[in-house]
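Below is one structure, written out as structure tokens, with a few remarks after it.
Order of appearance sets the numbers: ligands from 1, and atoms from 1 within every ligand. The first residue of the sequence shown is numbered 1, and numbering continues consecutively from there.
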Amino acid sequence: MSRKKIIAGNWKMNKTVPEALELVKALKPLVAGVTDVEIVITPSFTALYPVGIEIAGSNIELASQGIFWKASGAYTSQISAAQLLDVGVKYVIIGHSEPRGRFGVAEEGANDEFYKYFGESDHTVNLKTLFALKSGLLPIVCVGETLAERKAGETDTIVRDQIVKALNKVEPSSSSQIVFAYEPVWAIGTGEVCDAVEADRVCGVIRDQIGIQLGSAAAKAIRIQYGGSMKPDNAAELLAKENIDGGLIGGASLKAQDFAAIVNAAS
Ligand code: 13P
């Protein structure tokens, strides 16, 4: 089965509204002819609405960097599925290592750091995944090991465990709506990309685990992105691999030329 590649830019906590509009206006013509790749951008909450208007009718889709698992109410600082759908959001990034607090700087005490930043845990990843699916938003669920875990030979165990917990109570019928992103924590924002053969191998482990939990049809259908220092000069090699169906791009998505080059590498 052929899976349509998906290239998503995660803008993280960058860009004011005018800057976000400038970036997307520059990006649009650079990717205008691309029909065989799904193109997604993830601005900050403040820019979702104006950027959504700017990309309406184009081949670029909108994602959110967050979601809460309640419909509405007294949840100061959070954003709801209805609010995201209202401004045209289609995808939502869940379980990124930054809100999970699994930063490279904390390698020595990865467990101590686990809840340090925003308290994202495997449990909240699961709650958000279930709620996004129920609401009609498509989750991009991030998994990945820290450097200490990799050095200890725990990569596959960690990634399988994150998937088991993320997919708790997820119905096989809705599972093809999920995208996974393999983001080794040590490769994020470091310039140190995971070797393409190894990235493909771990994405294969992820696919195997999806199959164990949701069946082989889901495992074949679900798209798995690689994320972590993906750039124009390494994207083609990564994206050519059997188990890598796209990229989740941080730094290089902040420059229209670089992001467009990665989109074109996937095309
Ligand atoms: P970089 O591409 O900057 O390494 O970030 C990857 C990432 O975290 C995407 O979500």
Side-chain angles (χ1 to χ4, degrees), residues 5-15 20 23 27 37-45 47-48 61-67 89-107 110 113 117-118 120 125 128-129 132 138-147 149-150 158-159 162 166 178-196 198-199 202-203 206 223-239 244-266:
K5 291 246 188 313
I6 174 166
I7 301 293
N10 176 7
W11 294 3
K12 307 191 179 182
M13 198 177 72
N14 293 293
K15 308 283 178 192
L23 174 55
L27 178 64
V37 178
E38 218 176 328
I39 307 166
V40 181
I41 53 172
T42 319
S44 296
F45 293 145
L48 283 173
E61 292 169 325
L62 206 55
S64 166
Q65 296 180 27
I67 184 173
V89 167
K90 180 172 177 185
Y91 288 94
V92 55
I93 296 174
I94 299 173
H96 193 280
S97 64
E98 287 153 15
R100 282 184 194 258
R102 310 179 93 233
F103 282 132
V105 290
E107 293 306 335
E113 292 289 320
Y117 293 93
F118 309 105
E120 189 83 283
V125 169
K128 291 176 180 183
T129 301
L138 310 183
I140 298 177
V141 177
C142 304
V143 298
E145 82 288 356
T146 64
L147 188 58
E149 289 159 350
R150 171 160 286 269
I158 291 285
V159 163
Q162 288 173 335
I178 303 178
V179 174
F180 276 95
Y182 170 51
E183 294 215 324
V185 179
W186 49 272
I188 296 175
T190 59
E192 194 183 332
V193 67
C194 184
D195 170 73
E198 173 62 6
V202 181
C203 289
I206 293 171
R223 292 176 295 176
I224 304 171
Q225 299 171 309
Y226 167 79
S229 299
M230 192 185 265
K231 309 277 180 211
D233 63 358
N234 59 33
E237 191 188 358
L238 286 156
L239 294 167
I244 302 179
D245 307 312
L248 186 55
I249 294 108
S253 73
L254 297 173
K255 292 194 186 121
Q257 295 280 358
D258 287 356
F259 189 64
I262 296 173
V263 169
N264 286 313

Heavy-atom gap Ala252 to ligand 1 smaller than 4.0 Å =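 So Ala252 does not count as touching ligand 1.
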query = Does Lys231 come within less than 4.0 Å of ligand 1, judged by its heavy atoms?
reply = no
inquiry  = With a 4.5 Å cut-off on side-chain heavy atoms, are Ser253 and Trp11 touching?
reply    = yes
Considering only heavy atoms, which of [options] lies nearest to [atom]?
atom	options	result
atom 8 (O) of ligand 1	Gln65, Glu192, His96	His96
atom 3 (O) of ligand 1	Gly251, Ser253, Gly9, Gly227	Gly251
atom 2 (O) of ligand 1	Ala187, Gly250, Gly228	Gly250

note = of all protein heavy atoms, closest to atom 9 (C) of ligand 1 is Glu183 OE2, 2.9 Å
query = Where is the nearest protein heavy atom to atom 5 (O) of ligand 1: which residue, which atom, and how far?
reply = Lys12 NZ, 3.3 Å
message = Within this structure, what is the CG-CD1 distance for the pair Leu27 and Ile41, rounded to the nearest 0.5 Å?
response =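 That separation rounds to 6.5 Å.
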query = So, are Glu183 and Arg100 salt-bridged, with charged N and O less than 4.0 Å apart?
reply =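 No, this pair does not count.
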query = ligand 1 and Ser229, any nitrogen or oxygen pair closer than 3.5 angstrom?
reply =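 Ser229 vs ligand 1: N/O contact under 3.5 Å present.
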ask   = Please walk me through it: do Asp258 and Ile249 pass side-chain contact (heavy atoms from CB on, under 4.5 Å)?
value = CA-CA 10 Å; Asp258 287 356; Ile249 294 108; over 6 Å; no
